[in-house]
Amino acid sequence: MCLRRSGGEFVVGGFADEVDAEGDDGDAEAGSGVAELVRKHGVLPPLVSPPEELSLRKAASVNSRISCSANGGLSESSETVKEKSVSVVLLAGGKGKRMGASMPKQYLPLLGQPIALYSFYTFSLMPEVKEIIVVCDPSYEDIFEDTRGKIQVDLKFALPGKERQDSVYSGLQAVDLKSELVCIHDSARPLVSSEDVKKVMKDGLSVGAAVLGVPAKATIKEANSESFVVKTLDRKTLWEMQTPQVIKPELLKKGFELVNRGGLEVTDDVSIVEHLKHPVYITEGSYTNIKVTTPDDLLLAERILNTASAVAA
């Protein structure tokens, strides 16, 4: 049962108003993963200061979080994700046509660094991660190869497929057989925080499959083929899915067997598990974990990083 507590807006130096204009108001946390890679690797240019912690401060007087359990969520359970027990499949093979750029969106520079390297470094700094399998076109492998001297995890590559599920399947073939969890992430989401990743990993270990998500803020209407409204959906039950999506490898393999056998198409990774009728838990994430798909998204990501740096300074 989901309970919404009363609240207001998060306001950090006018940032809430800016984000609201882009449709991403709410939980304004820029992500501790960004801070970690700044401190340890200095991967951001001087424009972004290396603060002790890159996170936007929430106004103390407001609270608009959602709890999907009477006890505050599965992440408070006693199960612990072991060190070096997680394989990350980083999807970096998309074409990014909506961006209208000369290269795939995940390789465009964000404050001087390729978008794909932000989450890559965040995962590489986490003790739970054993390996990162980058699913990408071979012509872009050197972007990740150049990081080998900076990371303490194994780096592998896999070829992308025609559809997303084909790329995930390709990455799954390279996963270490001893891994307890597979963590699938879209490299076009550069601002995911290590805190949120830890939460969804823990929930994935408890349930078998978990996905980061945020409560829907817009009113969603179902329409017919002629664009006439059929009905208005109850927003309190709707969640916008993000990544990472964390699944136990044996469960993901069984799901792929079913999907491939039936010739089914899925739009996200946990949908594969849903076909097995296995429960999937939604771990509440952050609204700043945006997917960069358009030039406006790129500008928003820059503002989030710059605002986070200014607030933490």
Side-chain angles (χ1 to χ4, degrees), residues 86-99 104-106 116 119 131-141 156-189 200-201 203-213 216 220-227 230-231 233 237-283 285 291-293:
V86 179
S87 292
V88 173
V89 175
L90 187 65
L91 301 177
K95 302 297 183 183
K97 295 178 181 178
R98 279 178 288 179
M99 183 64 76
K105 60 182 179 294
Q106 60 270 26
S119 59
E131 60 182 2
I132 300 177
I133 300 136
V134 181
V135 183
C136 70
D137 187 285
S139 61
Y140 291 101
E141 287 183 5
K156 300 178 181 178
F157 294 98
L159 292 174
K162 181 179 179 181
E163 304 294 340
R164 177 193 174 90
Q165 68 193 69
D166 302 320
S167 293
V168 174
Y169 185 77
S170 176
L172 181 60
Q173 306 315 301
V175 166
D176 190 290
L177 295 177
K178 295 180 181 178
S179 291
E180 297 181 3
L181 292 172
V182 178
C183 177
I184 305 161
H185 187 65
D186 191 333
S187 63
R189 292 186 184 271
V200 73
M201 282 181 178
D203 291 342
L205 184 64
S206 298
V207 178
V211 52
L212 278 184
I220 309 295
K221 294 184 183 290
E222 181 181 333
N224 61 21
S225 59
E226 297 177 339
S227 298
V230 174
K231 62 180 177 180
L233 303 179
T237 67
L238 300 177
W239 289 72
E240 179 185 341
M241 296 297 95
Q242 301 180 340
T243 64
Q245 304 192 6
V246 179
I247 307 168
K248 289 186 175 180
E250 63 273 16
L251 195 60
L252 187 56
K253 290 175 182 177
K254 287 180 182 178
F256 265 118
E257 289 174 5
L258 178 62
V259 167
N260 292 338
R261 188 165 59 245
L264 304 174
E265 291 188 7
V266 295
T267 56
D268 72 347
D269 315 309
V270 292
S271 296
I272 298 169
V273 177
E274 291 173 36
H275 282 289
L276 294 174
K277 308 301 181 184
H278 187 93
V280 175
Y281 189 81
I282 301 175
T283 304
K291 185 174 181 178
V292 179
T293 58

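Quick caveat: nothing in here was measured; it's all calculated off a predicted structure.
Side-chain contact between Q242 and R189 is present, with heavy atoms from C-beta onward closer than 4.5 Å. Taking 4.5 Å as the limit, every side-chain heavy atom of E141 sits out of range of all side-chain heavy atoms of V134. Between I282 and M241 there is a side-chain heavy-atom pair separated by less than 4.5 Å. When side chains are defined from C-beta on, V246 does not count as touching D203, because their heavy atoms never get closer than 4.5 Å. Using a 4.5 Å heavy-atom threshold, the side chains of R164 and D186 count as touching. Put simply, the side chain of L252 reaches to within 4.5 Å of the side chain of I184, judged on heavy atoms. Looking only at side-chain heavy atoms (C-beta outward), Y140 and P104 come within less than 4.5 Å of each other. Annotation: side chain of H185 is not in contact with side chain of V89 (no heavy-atom distance under 4.5 Å).
Counting all heavy atoms, side chain and backbone alike, G285 lies closest to L212 at CA-CD2, 3.9 Å. Between V270 and A210, the closest heavy-atom pair is CG1-O, 4.2 Å. The minimum heavy-atom distance between V168 and D269, with the atom names listed, is CG2-OD1, 3.2 Å. Between V86 and C183, the shortest heavy-atom distance links the atoms CG1-CB, 3.8 Å. Of all the heavy atoms in F157 and C136, the pair that sits closest is CD2-SG, 4.0 Å. When all heavy atoms of D176 and E131 are compared, the pair lying nearest together is N-OE2, 2.7 Å.
Atom NZ of K156 is surrounded by more than 12 heavy atoms from other residues, nucleotides or ligands within 6.0 Å. Around atom OH of Y169, no more than 12 heavy atoms belonging to other residues, nucleotides or ligands sit under 6.0 Å away.
The distance from atom CD of E163 to atom OG1 of T267, rounded to the nearest 0.5 Å, is 11.0 Å. Atom CD of E250 is separated from atom CG of L177 by 11.5 Å, given to the nearest 0.5 angstrom. Of the inter-residue distances, the one linking L276 atom CG with E257 atom CD reads 9.0 Å to the nearest 0.5 angstrom. In this structure, CG on N260 lies 8.0 Å from CG on D166, to the nearest 0.5 angstrom.
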Which is it for L233 and K221 under the side chain to side chain contact (heavy atoms under 4.5 Å, CB included) test, yes or no, and what are the steps along the way?
CA-CA 6 Å; L233 303 179; K221 294 184 183 290; over 6 Å; no
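Looking at E222, its side chain never comes within 3.5 Å of a backbone N or O of V230 through a donor-acceptor pair. Listed for the Q173 side chain is no donor-acceptor partner under 3.5 Å among the backbone atoms of A158. Between the side chain of S187 and the backbone N or O of L91 there is at least one donor-acceptor pair closer than 3.5 Å. With Q106 contributing its side chain and A92 its backbone, the two residues share a donor-acceptor pair below 3.5 Å.
Residues passing the side-chain contact (heavy atoms from CB on, under 4.5 Å) test with P160, sequence neighbours excluded: V135, S167. Residues that satisfy the side-chain hydrogen bond (donor to acceptor under 3.5 Å, both in side chains) test with S170, not counting sequence neighbours, are absent from this structure.
Note on residues 271-280: pairs passing side-chain hydrogen bond (donor to acceptor under 3.5 Å, both in side chains), not counting sequence neighbours, are D268-S271.
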